[in-house]
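Note that this is a predicted model, so its numbers are computed, not measured. Below, all heavy atoms of this structure are taken into account, side chains as well, without hydrogens, waters or symmetry copies. One-based numbering along the sequence shown.
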Amino acid sequence: MAGMREDEKIAALARAYVLAGLDTRVLSVLARDSRAVPHASGEVLFLAGDAPDGMRIVLSGLVRIWISDAEGRELTLALLEPGDAFGEIALLDGLPRSAGATAIEAGKCLLLPARGFSRALQAEPVLARHLVGVLCETLRRNTEALGAFAFLGLDGRLAQKLHDLAADHAVAEGAGARFVRRFSQGDLARMLGVSREAVNKRLKALVHDGIVRVEDGLLRVPDLSALAERGRAEASLSA
């Protein structure tokens with residue numbers, strides 16, 4: 001994989017959401033300077049405040065995007081899987097990284113160096129227009145999600161987060177789903193920006209009510225619609 005052919009790199013670029021729909025000619029310009037870079041489990045790819053070195057597309061493994069405060073508390077912003085891109089905003093505005101990226105699992109990323117990315121933007125104006133459209137769409141979606149999230153209590157936020165995680169990290173079982181990736185209470189706490197103890201209490205409530213089960217350390221949701229309804233019910237109560 002370290003010696004990826006150009007057609008393999010173009011295919012990887014085309015699968016990334018931020019580049020999807022671009023002409024092969026434009027992707028070829030980006031592929032020319034890109035390279036596959038391996039990472040170990042637990043490796044820090046970059047930290048908030050670092051100068052932007054390029055945009056990455058996950059080829060394999062799992063990458064966590066996170067921020068922290070002055071007291072060292074961390075908040076997980078996203079878990080990225082193969083096909084997901086990250087680091088593009090710092091390339092466009094030239095400012096330091098606004099978040100950190102850490103590999104949760106060993107894998108590889110396709111790195112588009114900043115210099116090559118800049119050359120592609122100059123050579124292919126359609127790339128800039130495409131990225132502006134994609135980033136605007138992402139901003140609208142994030143704003144809507146943040147608005148809904150902000151008015152939920154922890155019970156509803158946890159239910160909503162588990163429902164979202166099930167879409168990417170669980171396999172369907174009838175009306176429910178069985179997680180194939182382990183998420184600790186600490187992991188969930190960092191995603192929600194609360195303490196592990198707070199998550200422990202709300203998770204116990206969901207288990208007590210039969211909304212979620214814990215089997216061999218993995219979460220299982222008997223009925224996804226019931227989990228979704230738990231979040232919606234709290235939203236209606238707070239409205």
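- At distances below 3.5 Å, at least one donor-acceptor pair connects side-chain atoms of S60 with backbone N or O atoms of K108.
- A heavy-atom distance below 4.5 Å is not found between the side chains of L59 and C109.
- In terms of modelled atom types and a separation under 3.5 Å, the side chain of R56 and the main chain of G87 share no donor-acceptor contact.
- Remark: side-chain polar atoms of S28 are paired, donor with acceptor, to backbone N or O of T24 under 3.5 angstrom.
- At a threshold of 4.5 Å between non-hydrogen side-chain atoms, the residues L47 and W66 count as touching.
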In sequence, state the C-alpha distance, the side-chain angles, and the governing distance for V212 and L162, and then conclude on side chain to side chain contact (heavy atoms under 4.5 Å, CB included). CA-CA 9 Å; V212 173; L162 292 176; 4.0 Å; yes

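- How far CZ of R35 is from CG of L110: 9.5 Å, rounded to the nearest 0.5 Å.
- By the 30° and 60° cut-offs, the orientation of the rings of F86 relative to F46 is tilted.
- A donor-acceptor pair is defined here as one N or O able to donate and one able to accept, closer than 3.5 Å; such a pair exists between the side chain of S41 and the backbone of I104.
- A salt bridge is defined here as a Lys NZ or Arg NE, NH1 or NH2 lying under 4.0 Å from an Asp or Glu carboxylate O, and D53 with R97 meets this definition.
- A donor-acceptor distance shorter than 3.5 angstrom exists from the side chain of D69 to the backbone of E71, with no hydrogens or angles considered.
- Each of I65, I57, L62 was compared with L80 under the side chain to side chain contact (heavy atoms under 4.5 Å, CB included) criterion, and only I65 meets it.
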Intermediate values then yes/no, side chain to side chain contact (heavy atoms under 4.5 Å, CB included), E88 and V134: CA-CA 11 Å; E88 69 278 9; V134 169; over 6 Å; no

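- Taking 4.5 Å as the limit, some side-chain heavy atom of M55 sits within range of a side-chain heavy atom of L19.
- By the 4.0 Å N-to-carboxylate-O rule, R25 lies close enough to E124 to be salt-bridged with it.
- Annotation: L218, atom CG; neighbour count of heavy atoms from other residues, nucleotides and ligands within 6.0 Å is above 12.
- For the atom pair K204 NZ and H208 NE2, the distance stands at 12.0 Å (nearest 0.5 Å).
- Residues Y17 and D84 form no side-chain contact, since every pair of their non-hydrogen atoms from C-beta on lies 4.5 Å or further apart.
- Partners of D33 by side chain to side chain donor-acceptor pair (under 3.5 Å), not counting sequence neighbours, listed by chain and number: R119.
- Remark: side-chain polar atoms of R157 are paired, donor with acceptor, to backbone N or O of L192 under 3.5 angstrom.
- Cluster annotation: L13 and V29 are assigned to distinct hydrophobic clusters (Ile/Leu/Val/Met/Phe/Trp/Tyr, side-chain heavy-atom contacts under 4.5 Å, transitive).
- Listed by chain and residue number, nothing satisfies the ring pair (Phe, Tyr, Trp, His ring centres under 6.0 Å) test with H163 (two or more places apart in sequence, or in another chain).
- Listed by chain and number, the residues in a side chain to side chain donor-acceptor pair (under 3.5 Å) with S184 are D187 (sequence neighbours excluded).
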For the pair D155 and L206, evaluate side chain to side chain contact (heavy atoms under 4.5 Å, CB included) and give the outcome as yes or no after the intermediate values. CA-CA 8 Å; D155 192 76; L206 292 176; 4.2 Å; yes

